[in-house]
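Here's the structure, in structure tokens; my notes come after.
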Amino acid sequence: MSAAPDHDRWAESLGAWLLGALPEDEVEGFRTHLESCADCRADAESLRVAVDALPASAPPMAPPPALKGRLMAVVEREASLLEAAGPDADRAKRSRRRRRFPHLAGLTLRPALVLPLVLLLLVIGGGAALLGRTAFDGQDARTVVARVNPELKGSQAALEVEGDRARIVGKKLPPPPAGHVYQVWLDRGGQSPEPTAALFSTRGDGTVSVDVPGSLDGVRAVMVTDEPIGGSPKPTGRTILTATPA
Amino acid sequence: MESLPPEQSHVIELAYFGGFTHTEIADILETPVGTVKGRMRLGLEKLRNSLRMLEMQPG
């Protein structure tokens with residue numbers, strides 16, 4: 001085996017490439033390097049087994065009945081097509097990235113009990129700057145992939161959790177409609193989710209990074225809804241995402 | 001994944017299940033991109049080694 005001349009530049013990107021985490025503008029460069037670098041090809045082959053095992057490590061989540069029904073319909077339809085197309089029809093090209101995004105079929109929000117004071121804190125471009133960023137990189141940090149409203153095609157979000165603190169991160173999220181903001185809610189199992197002061201919009205590139213105010217103690221779910229500017233004492237708009245930190 | 005140090009499983013989860021790129025993860029974690037890439041690779045190596053050990057165990 002031998003390394004290509006540009007090995008040092010690209011070698012550290014191998015893990016990211018295998019995980020589908022290279023930015024688009026680096027993918028072609030890495031592929032070109034891989035073609036000429038026997039060392040990296042061998043490493044990629046060796047590490048592939050770890051990537052292939054990742055789906056089995058995802059937390060099991062039961063899909064909502066409506067989604068399950070749609071999935072089964074797709075599976076049965078594709079099975080029929082494959083059967084008709086012959087034995088080689090399912091030898092598809094390998095997907096660059098495989099994701100597991102259980103979708104939210106719709107959340108029923110219950111009426112509010114109390115009307116707490118909602119601070120008029122509009123956080124444009126992510127709440128980090130105003131709410132104070134927290135480095136979610138400690139020993140007990142973990143990630144909970146959020147269920148994003150399936151109407152928001154291509155949008156992705158996750159909850160970064162460390163101790164009793166959390167931050168919502170997302171990408172490819174549409175900005176809230178004119179006159180609206182996104183608002184974070186905490187579902188503690190009461191009659192209605194608690195409003196928080198975290199009101200935000202997306203950055204220009206569709207990304208989001210907003211700290212969840214307060215403690216996660218007793219929180220069953222963190223939710224984001226679309227609300228009029230200034231926020232609401234109880235959810236009125238559509239649910240954008242839900243994440244269950246437990 | 002439970003066998004990995006949290007900082008390694010964290011970046012792998014964000015990348016693989018969250019769909020974030022290494023630069024996005026670096027921004028989320030306020031960590032240098034090089035560190036994120038290093039953790040991804042180290043995490044995958046440890047995961048591979050754990051899988052090999054499991055395969056070697058009898059039964």
Side-chain angles (χ1 to χ4, degrees), chain A residues 11-27 43-44 46-59 97-101 126 128 133-146 154-160 162 167 169-172 205 207 209, chain B:
Chain A
E12 68 171 0
S13 296
L14 178 62
W17 181 73
L18 286 167
L19 291 165
L22 274 189
E24 289 296 328
D25 59 358
E26 294 183 25
V27 170
D43 285 348
S46 166
L47 293 174
R48 180 76 68 188
V49 63
V51 180
D52 289 344
L54 288 176
S57 69
R97 186 178 303 189
R98 291 155 298 156
R99 295 179 179 134
R100 188 169 183 271
F101 287 115
R133 289 192 75 118
T134 310
F136 288 78
D137 200 20
Q139 288 297 304
D140 62 344
R142 58 194 173 89
T143 305
V144 178
V145 176
S155 299
Q156 298 155 13
L159 192 67
E160 297 295 303
E162 182 165 12
R167 177 193 296 161
V169 294
K171 62 188 265 188
K172 297 182 180 174
D205 60 359
T207 60
S209 176
Chain B
M1 287 286 279
E2 291 173 1
S3 65
L4 297 183
E7 67 271 16
Q8 291 171 13
S9 61
H10 204 201
V11 296
I12 289 175
E13 286 168 354
L14 281 171
Y16 191 81
F17 297 111
F20 294 94
T21 66
H22 62 56
T23 49
E24 291 165 339
I25 294 169
D27 184 47
I28 290 167
L29 300 179
E30 297 177 355
T31 302
V33 170
T35 304
V36 170
K37 290 196 280 191
R39 288 175 180 176
M40 287 176 174
R41 175 154 184 157
L42 278 175
L44 289 177
E45 288 175 353
K46 286 187 179 175
L47 200 54
R48 175 200 61 194
N49 296 342
S50 297
L51 290 166
R52 283 179 177 167
M53 289 182 68
L54 279 175
E55 286 175 0
M56 290 170 62
Q57 286 177 359

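Here the structure is a predicted model, which is why all the values come from computation and not from measurement.
- If you take CG on B/N49 and OG on A/S46, they are separated by 8.0 Å, rounding to the nearest 0.5 Å.
- Of all heavy-atom pairs spanning A/A11 and B/R41, the tightest one is O-NH1, 3.2 Å.
- Taking chain B as the reference chain and counting heavy-atom pairs below 4.5 Å, the highest number among A/S13, A/A158, A/A50, A/G15 is found for A/A50.
- To the nearest 0.5 Å, the span separating CG on A/L19 from NZ on B/K37 amounts to 13.0 Å.
- In this structure, CG on A/L47 lies 13.0 Å from CE on B/M40, to the nearest 0.5 angstrom.
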Begin with the C-alpha distance, continue with both residues' side-chain angles, and end with the deciding distance and a verdict on side chain to side chain contact (heavy atoms under 4.5 Å, CB included) for B/I28 and A/R167.
CA-CA 9 Å; B/I28 290 167; A/R167 177 193 296 161; 4.3 Å; yes
Run the numbers on A/L54 and B/L47 for side chain to side chain contact (heavy atoms under 4.5 Å, CB included), then give the verdict.
CA-CA 9 Å; A/L54 288 176; B/L47 200 54; 3.6 Å; yes
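- In this structure A/T143 satisfies the side chain to side chain donor-acceptor pair (under 3.5 Å) test together with A/E160, B/H10, sequence neighbours excluded.
- Both the backbone and the side chain of B/L44 come within contact range of chain A, each with at least one heavy atom under 4.5 Å from a heavy atom of that chain.
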Quick one: do B/T21 and A/E26 satisfy side chain to side chain contact (heavy atoms under 4.5 Å, CB included)? Show the steps, please.
CA-CA 11 Å; B/T21 66; A/E26 294 183 25; over 6 Å; no
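- When all heavy atoms are compared, the tightest approach of A/K171 to B/G19 is NZ-O, 2.8 Å.
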